[in-house]
Trainee: 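Take this structure, written in C-alpha cells, and hold onto it; I'll ask about it next.
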Amino acid sequence: MTVRTGTDLDVLYPEVQNFYARHMQLLDGGNAEGWADTFTEDGSFYSPSMPEPARGREVITAGVRKAAAALAEAGEVHRHCMFMSYLKPRDDGSFYVRSYTQVIATPREGQPRLHMMCVCVDILVRQDGELKVRERRVTRDDRP
Amino acid sequence: MTVRTGTDLDVLYPEVQNFYARHMQLLDGGNAEGWADTFTEDGSFYSPSMPEPARGREVITAGVRKAAAALAEAGEVHRHCMFMSYLKPRDDGSFYVRSYTQVIATPREGQPRLHMMCVCVDILVRQDGELKVRERRVTRDDRP
Amino acid sequence: MTVRTGTDLDVLYPEVQNFYARHMQLLDGGNAEGWADTFTEDGSFYSPSMPEPARGREVITAGVRKAAAALAEAGEVHRHCMFMSYLKPRDDGSFYVRSYTQVIATPREGQPRLHMMCVCVDILVRQDGELKVRERRVTRDDRP
C-alpha cells in the first residue's frame, strides 16, 4: 500500500484516522515504546489526569508503563475510542485536530463502562514522512 | 489545505466526516449561529425529541440556544458522537448519509453516561462549494 | 458516485469505512441475507459468543436470523459501533483491519447501555470489485 501524502483533505484525513487507530491501539495494548514513538522526540502531553504535563518520549514511555501496570493490577482493559476528528492544517505546515475521545473500561468478567468523556486537541507534524503528535491537550467533560 | 470536491467516494467521504466533526462540535459548543449555518437556509430537522420539525435557520438557531441554556442550567455537557456513516450519492446531486449517533451526557464532577442512541438520516447538498444539511431525520432506539 | 479502487491508503480507507457502515447497519437491521453477502462464500467468523466458528454464508445467515429473533423477543435494539480501524494491506492482496467495536443495547422505552466492548480483526478481500469479509476474529474485553 502506498501512503500518498499531501495537504489535500481527502489524502490527509484517512492517513490521520489510520494514524490515530494505530496510536490508540498501541496505548491500549500497553506498548509504551511504540506509543511514545508516535510523538515527536520533544512531544508534550497536557492532561487533567496528570499533575503536570509530560514532555519528551522518555516521560511519555514511563507514564504508559505505569498506567499499564495499574490496569493489569486492577484487572481492567481500557480502550481509547477517538472519533469526530475535525482537521485543519495550519500555516506552519502542522495540523490542528480536535477530536472526541471516550475511554471505555472493562473489568475481567464484568460490564464495560464509559469511564471518561474527553476532548483531545492535537498538533500533528510530519517527520520523515510519518505523522507524529507534537502537542496534545486533553480536557475531561466532568472537569470543565 | 485544498478540499477537493467531487463525486468519488474517496474524495467525498473524508470531506463528509470532517464536516460532521465540525458540525457536531459547533452544536456541543453551543455555537447556535455556526451550527445553523451548516444547514441550508430552508433546512429541516425531524427529531422525536421535538413536538414538530424545525424548519429554517432561525428556528434551528433558537432551538440550539434553548438547549444550550438548559444544559448550562443543569451543569451538563453533551457530546454528539456520530459514526458508522453510510454515504450514498443520489441522482439529483445530493448525498444520502445514514449514521449512528451516541449522545453522551456528563455532569460536572460526575460520571459520563450514554444518554441516547440514535440513527441519523441526512440529505446533504453542496452550496457555494460547502456541504450543508438540507434535511435530517433522527430516530431514537428507545422509541422504535 | 464512482468508487475508485486501489491500494493507496487514501482511496482504500474511506471505502473500508463505508463498507463497514453498510455492513453493520445490515446486521443491526436484521437483514440476514444482506449481511451474509458482505462475507465471502466461505467466510468464517470467530466469536467468543459462539461455541464454534461460523463458516459459510448459510451458517452466518442462520446466526443473524436467530439473533434478530431473540432481540425482537426481548424488545431490544442493538447497534454495532465500529471505529478506530487500523488498516494494513497484506502481501497476498487482502487487507488486515483491526477495529474497536462497541455493542450498544437499547430496550424499548428504556436507557441505552454499553453491552459489550470488543476488538474485531478482519481479513478483507476484493471480489468482483466489492469488499468482502473472508475472516473475522472477535474478542471481548471482559474475556481477555
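Convention: sequence-line order gives letters A, B, ...; per-chain numbering from 1.
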Trainee: Measure Gln111(A) against the heavy atoms of chain C and call it side chain, backbone, both or neither at under 4.5 Å.
Mentor: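 The side chain, not the backbone.
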Trainee: What part of Val119(C) lies closer than 4.5 angstrom to a heavy atom of chain A: side chain, backbone, both or neither?
Mentor: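 Only the side chain of Val119(C) comes within 4.5 Å of chain A.
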Trainee: Who wins among Met82(A), Arg22(A), Gln25(A) for the most heavy-atom pairs under 4.5 Å with chain C?
Mentor: Gln25(A)
Trainee: Is the NZ or CZ atom of Arg98(A) positioned over Tyr86(A)'s six-membered ring, under 6.0 angstrom from the centre and within 45° of the axis?
Mentor: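 Pair Arg98(A)/Tyr86(A) does not count as cation-pi.
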Trainee: Does Asp37(A) come within less than 4.0 Å of Lys132(A), counting only side-chain N to carboxylate O?
Mentor: yes
Trainee: Would Glu76(A) and Arg113(A) pass as an ion pair if we require N to O under 4.0 Å?
Mentor: yes
Trainee: Quick one: do Arg126(C) and Glu15(C) make a salt bridge, cutoff under 4.0 Å?
Mentor: yes
Trainee: Who among Met24(A), Arg108(A), Arg79(A) has the most heavy-atom pairs with chain C under 4.5 Å?
Mentor: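 Most heavy-atom pairs under 4.5 Å with chain C: Arg79(A).
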Trainee: Show your working on ring-ring contact (aromatic ring centres under 6.0 Å, His included) between Phe39(C) and His23(C) and close with a plain yes or no.
Mentor: CA-CA 9 Å; Phe39(C) 288 83; His23(C) 173 73; 5.6 Å; yes
Trainee: Quick one: which of Gln17(C), Arg90(C), Arg143(C) has the most heavy-atom pairs under 4.5 Å with chain A, could you say?
Mentor: Gln17(C)
Trainee: Examine whether an atom of Arg140(C) lies under 4.5 Å from a heavy atom of chain A, and if so say whether it belongs to the side chain, the backbone or both; otherwise answer neither.
Mentor: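 Looking at Arg140(C), nothing touches chain A.
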